[in-house]
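Residues: numbered from 1 along the sequence shown.
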Amino acid sequence: MWERLMIKTWRLLLLIAGTFVFAVLVLVMANSQDHSSMPGMDHSKMNMPQDSDKADAHEMGDTMQSMSTKHMDMGPHMKMTELRPPKPGDQERADKIVAELRTSIAKYQDYHSALDAGYKIFLPNVKMPMKHFTNWNYAMEALFRFNPDHPTSLLYEQHGDSYKLIGAMYTAPKRYREDDLDKRVPLSVAQWHEHVNLCKPPKGQEREMLSAHPRFGLAGSIATKEECEAAGGTFYPLIYNWMVHVYPFERNPQDVWSLERQMPGHQH
């Protein structure tokens, strides 16, 4: 009961706080999910977004698309934990997480099962090499504790009208230090990452993030507050929380906690 109350309280606080990322995430996941191309979806329970909400969702779509078409090593836009020397028990602890996750998400091989369980497709109309199916309740839970069976997102490759389950994403509060992250997933095995130094473009220039040499967005050349404000943008030093991807169905151990697995052209 207490945990449920805390989750509801945090959700309300996040909505009131209105930080860029969480506000847009709420709008996208709660209001602007487009399931028109997804068979078996119940359209009667959907709320149509207002025009301003659509604009915010479209903006986030441009940001995510610009990020997804670039290499994960984005220099000033990516903060990653350092790989630590292995400690006794680290590999065993990581292997246990992978084994639990593999078992717990096997039932989501059919993406309809994921939708029925409360996962929602993040930005369904934006083309990406990998789709995140996010469970908002599990995202809230991750703010308080780590449950290997409850990943914040399931990761799917899209093949036409079907989806192939390839892994999952865990999240952790942005306030966490590396020692806190290490307690969840050993830093000798996996690297957590954050997306930082985002310059949101001025209204009307969102598509510039998709250009060959963008200035704005998570693949843009602008990475400081001063540069961003001079260009008329809005600067965010940090977006999202800590994240780590895991691919429990991979046979090669180095691919299980890979940062590269979802990128275009990656061989696996």
Side-chain angles (χ1 to χ4, degrees), residues 10-29 56-57 59-84 122-123 126 128 130 132 134 136 138-146 151-153 155 169-185 187 190-203 205-206 208-209 214-245 259 262-263:
W10 265 95
R11 183 179 296 176
L12 179 61
L13 288 175
L14 287 172
L15 288 172
I16 294 174
T19 60
F20 168 67
V21 174
F22 280 108
V24 175
L25 284 175
V26 172
L27 290 172
V28 171
M29 289 191 286
D56 285 340
E59 246 177 59
M60 177 55 81
D62 289 339
T63 301
M64 293 296 291
Q65 188 172 358
S66 72
M67 180 178 71
S68 72
T69 56
K70 305 295 180 180
H71 195 278
M72 284 292 288
D73 181 9
M74 291 178 283
H77 298 295
M78 172 76 83
K79 177 181 177 181
M80 297 182 356
T81 58
E82 294 288 339
L83 276 174
R84 293 184 172 185
F122 183 61
L123 300 176
V126 178
M128 297 182 188
M130 180 181 68
H132 288 65
T134 298
W136 186 247
Y138 291 167
M140 294 297 102
E141 180 184 30
L143 292 174
F144 302 97
R145 67 190 185 99
F146 178 58
T152 294
S153 298
L155 308 178
M169 182 180 78
Y170 293 121
T171 57
K174 60 186 178 183
R175 69 178 184 275
Y176 268 26
R177 299 181 180 274
E178 290 199 1
D179 285 345
D180 300 313
L181 298 172
D182 183 66
K183 292 176 182 177
R184 292 198 173 192
V185 178
L187 297 187
Q191 287 179 278
W192 292 76
H193 65 278
E194 289 181 315
H195 297 291
V196 297
N197 302 327
L198 168 70
C199 184
K200 177 184 175 184
K203 190 172 183 62
Q205 297 185 36
E206 294 82 14
E208 192 272 355
M209 290 188 289
R215 292 189 300 156
F216 302 102
L218 286 173
S221 60
I222 298 176
T224 68
K225 182 178 181 181
E226 293 73 21
E227 289 179 293
C228 184
E229 291 179 347
T234 305
F235 186 73
Y236 298 90
L238 171 65
I239 63 172
Y240 309 119
N241 288 344
W242 285 104
M243 296 171 273
V244 65
H245 293 180
L259 278 170
Q262 73 275 19
M263 299 311 296

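How far NZ of Lys79 is from CG of Leu238: 8.0 Å, rounded to the nearest 0.5 Å. With rounding to the nearest 0.5 Å, the separation of SG in Cys199 from CD in Glu226 is 11.0 Å. Taken from CG in Asn241 to OG1 in Thr171, the straight-line distance is 6.0 Å, to the nearest 0.5 Å. Atom CD1 of Ile222 sits about 14.5 Å away from atom NZ of Lys200, to the nearest 0.5 Å. With rounding to the nearest 0.5 angstrom, the OH atom of Tyr170 is 11.5 Å from the OG atom of Ser153.
Heavy atoms only, all atoms of each residue included: Pro173 and Ala142 are closest at CD-O, 3.6 Å. Shortest non-hydrogen contact noted between Arg215 and Ala231 is NH1-CB, 3.9 Å.
Between the side chain of His77 and the backbone N or O of His195, no donor-acceptor pair lies under 3.5 Å.
Contact of the Phe216 side chain with the Pro202 side chain is registered, since non-hydrogen atoms from C-beta on lie closer than 4.5 Å. Put simply, the side chain of Thr152 reaches to within 4.5 Å of the side chain of Thr134, judged on heavy atoms. Within the 4.5 Å cutoff, no side-chain heavy atoms of Glu194 are placed close to those of Met243. The closest side-chain heavy-atom distance from Leu181 to Val244 is not below 4.5 Å. Using a 4.5 Å heavy-atom cutoff, the side chains of Asn197 and Phe235 are in contact.
With sequence neighbours excluded, the residues that form a ring pair (Phe, Tyr, Trp, His ring centres under 6.0 Å) with Tyr138 are Tyr119, His150. Residues meeting the side-chain hydrogen bond (donor to acceptor under 3.5 Å, both in side chains) test with Glu227, sequence neighbours left out: Thr224. Arg184 is linked by a side-chain hydrogen bond (donor to acceptor under 3.5 Å, both in side chains) to Tyr176, counting only residues two or more places apart in sequence or in another chain. Checked against side-chain hydrogen bond (donor to acceptor under 3.5 Å, both in side chains), Glu208 has no partners two or more places apart in sequence or in another chain. Residues passing the side-chain contact (heavy atoms from CB on, under 4.5 Å) test with Glu178 are Thr81, Arg84, Leu187, sequence neighbours excluded. Every residue two or more places apart in sequence or in another chain was checked for a side-chain hydrogen bond (donor to acceptor under 3.5 Å, both in side chains) with Thr234, and none qualifies.
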Query - Asp180/Trp242 under side chain to side chain contact (heavy atoms under 4.5 Å, CB included): CA gap, chis, key distance, verdict - result: CA-CA 11 Å; Asp180 300 313; Trp242 285 104; over 6 Å; no
